[in-house]
Amino acid sequence: MRIGELAARAGTTTRALRYYEARGLLPARRTGNGYRTYDEEDVRLLEQIRTLQDFGFDLEETRPFVECLRSGHPEGDSCPASLDVYRRKLSELDALIGELGAVRAQVGAQLARAEAALEGGPEPRCELTG
């Protein structure tokens with residue numbers, strides 16, 4: 001298949017495919033007349049890249065999974081380098097969850113303080129209604 005068909009099947013743009021090719025994530029096979037050609041394995045590579053990006057992986061983090069697929073592993077995540085990326089991503093996510101928990105606690109405390117300040121005090125005026 002040619003680049004336009006691959007882009008349509010993968011739900012992306014030809015520009016993105018050219019970028020992936022330039023980054024070495026998508027093979028650059030050409031016909032005698034210079035057209036790029038792709039096959040079902042390339043569709044699978046793009047599905048893997050898109051799924052990982054949907055999960056928050058940046059493009060470079062997808063490289064081990066693509067290489068794992070290319071080496072014949074059907075899922076692309078059963079290679080040591082892929083497992084390392086999973087571990088790093090889980091660590092990042094755990095850190096973010098911790099940070100969000102701390103922010104949530106601060107916002108909750110601010111809300112409780114603001115609500116306590118209203119108890120027994122005058123009814124607040126809405127600036128919009130006068």
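Note that the coordinates shown come from a computational prediction; the quantities given were computed from them, not determined experimentally.
- Under the ring-ring contact (aromatic ring centres under 6.0 Å, His included) criterion, Tyr19 pairs with no residue, sequence neighbours left out.
- Contact of the Ile3 side chain with the Arg18 side chain is registered, since non-hydrogen atoms from C-beta on lie closer than 4.5 Å.
- Under the disulfide (SG to SG under 2.5 Å) criterion, the residue pairs touching residues 28-111 are Cys68-Cys79, with sequence neighbours excluded.
- Salt bridge absent: Glu47 and Arg50 never bring a charged side-chain N and a carboxylate O closer than 4.0 Å.
- Side-chain contact between Val43 and Met1: present, with at least one pair of heavy atoms (C-beta onward) separated by less than 4.5 Å.
- Screening residues 2-12 for side-chain hydrogen bond (donor to acceptor under 3.5 Å, both in side chains) gives Arg9-Glu40 as the qualifying pairs, with residues at least two apart or on separate chains.
- Salt-bridge check for Glu21 with Arg30: passed, with a basic side-chain N closer than 4.0 Å to an acidic carboxylate O.
- For the ring-ring contact (aromatic ring centres under 6.0 Å, His included) condition, the pairs that include at least one residue of residues 70-117, sequence neighbours left out, are Phe65-Tyr86.
- A donor-acceptor distance shorter than 3.5 angstrom exists from the side chain of Arg44 to the backbone of Pro74, with no hydrogens or angles considered.
- Scanning for side chain to side chain contact (heavy atoms under 4.5 Å, CB included) contacts around Arg104 gives an empty result, with sequence neighbours left out.
- One hydrophobic cluster, built from ILVMFWY side chains closer than 4.5 Å, cannot hold both Phe57 and Val66; they sit in different ones.
- Remark: Thr31 pairs with Asn33 by the side chain to side chain donor-acceptor pair (under 3.5 Å) rule, at least two apart or across chains.
- No salt bridge links Arg70 with Glu41; every basic N to acidic carboxylate O contact stays at or beyond 4.0 Å.
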Determine whether Arg29 and Asp39 satisfy the following criterion, side chain to side chain contact (heavy atoms under 4.5 Å, CB included), listing intermediate values before the conclusion. CA-CA 10 Å; Arg29 292 183 302 273; Asp39 59 24; 3.6 Å; yes
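- The side-chain contact (heavy atoms from CB on, under 4.5 Å) test with Leu25 singles out one residue from Leu59, Leu17, Leu45, and that residue is Leu59.
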